[in-house]
Amino acid sequence: MLRKLGYGLILAAATTLADTSGVQAAGESCEAIGGVAIPNFFAEGEGQPVIISARLTGSVQTAAGKITAQRETATGLEMDMVHYFGRDDGGAFQTKDLGILTAVPGKPGRYMIEITYHIQEDVTRGTLKGAKGTFNSYGLVDLRNPDNMVGLVRYTGEICK
């Protein structure tokens, strides 16, 4: 009898904790997103933004973007970015982002990259109309050759509607 009561208390406590761990607004639904992107970077010339094009696996299938500003830091670079994401189901959204690039020691032109993406709620379409949220990516980019700048990143997070 005590064993059944103990299991019941543990189950009740777990249920209570599960109910309070993800606070959402009434009627809001969220979905986890994640996958891998293989970006290519295209320099358009002095004073022009660098264009990004990528094939993605996972929750989002396509992405394009641009680097709108770049600053050198003590450890590498910071980049202001804009991305446009699309899914096979017709959903799309735009983000405004900050990319932090940390130089890989002993490997000139190669960086570890971390990006925080902020979905712009007023620029969402199709099945993702009204989406909001923030997600992240991290990976490596090789920017040594302006004619062959490439990378590999993993993205993960949650978007809500």
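Just so it is clear, the values below take in all heavy atoms, side chains as well, and ignore hydrogens, waters and symmetry mates. Computed from a predicted model, the values in this text were never measured in an experiment.
- Between the CZ atom of Phe85 and the CD1 atom of Ile119 there is a distance of 8.5 Å, given to the nearest 0.5 Å.
- With sequence neighbours left out, the salt bridge (Lys or Arg N to Asp or Glu O under 4.0 Å) criterion links Arg125 to no other residue.
- Closest approach of Pro39 and Ala54 over heavy atoms only: CA-CB, 3.8 Å.
- A chain of hydrophobic side-chain contacts below 4.5 Å, direct or via other Ile, Leu, Val, Met, Phe, Trp or Tyr residues, connects Ile52 to Met149.
- Minimum interatomic distance between Lys66 and Pro49 (heavy atoms only, all atoms of both residues): CB-CB, 4.1 Å.
- The backbone N or O of Gln61 sits less than 3.5 Å from a side-chain atom of Arg55, completing a donor-acceptor pair.
- Nearest approach of Thr124 to Gly130, heavy atoms of both residues: OG1-N, 2.8 Å.
- Residue Lys129 holds its NZ atom at 10.5 Å from CD of Glu121, rounded to the nearest 0.5 Å.
- Of the inter-residue distances, the one linking Met81 atom CE with His83 atom NE2 reads 4.0 Å to the nearest 0.5 angstrom.
- Panel note: side chain Lys96, backbone Asp80; no donor-acceptor pair is recorded below 3.5 Å.
- Note: Thr127 OG1 to Asp89 CG = 3.0 Å, rounded to the nearest 0.5 Å.
- Between the side chain of Thr73 and the backbone N or O of Glu78 there is no donor-acceptor pair closer than 3.5 Å.
- Between Glu158 atom CD and Ser59 atom OG the span is 11.5 Å, to the nearest 0.5 Å.
- Here Asn145 pairs with Asp147, Asn148 under the side chain to side chain contact (heavy atoms under 4.5 Å, CB included) rule; sequence neighbours left out.
- A donor-acceptor pair under 3.5 Å is absent between the side-chain atoms of Ser137 and the main chain of Val153, judged by distance alone.
- The line from CG of Leu128 to CZ of Phe93 is 6.5 Å long, rounded to the nearest 0.5 Å.
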For residues 100-114, dump all side-chain donor-acceptor pairs below 3.5 Å to protein atoms at least two apart in sequence or in another chain.
none

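- Judged purely by atom type and a 3.5 angstrom limit, Thr95 has no side-chain atom pairing as donor or acceptor with the backbone of Tyr117.
- Leu77 and Val50 fall within a single hydrophobic cluster, where Ile, Leu, Val, Met, Phe, Trp and Tyr side chains are chained together by heavy-atom contacts under 4.5 Å.
- Evaluation of the salt bridge (Lys or Arg N to Asp or Glu O under 4.0 Å) rule for Glu31 yields Arg87 as partners, not counting sequence neighbours.
- The side-chain heavy atoms of Ile38 and Val150, taken from C-beta on, include no pair separated by under 4.5 Å.
- With sequence neighbours left out, the side chain to side chain contact (heavy atoms under 4.5 Å, CB included) criterion links Phe42 to Asn40, Glu44, Ile51, Ser53.
- Taking every heavy atom of both residues into account, Thr57 and Tyr155 meet most closely at O-OH, 2.9 Å.
- By the side chain to side chain contact (heavy atoms under 4.5 Å, CB included) test, Thr116 pairs with His118, Thr134, Asn136, sequence neighbours left out.
- Side-chain heavy atoms closer than 4.5 Å link hydrophobic residues (I, L, V, M, F, W, Y) into clusters, and following such links, possibly through other members, connects Ile33 to Ile115.
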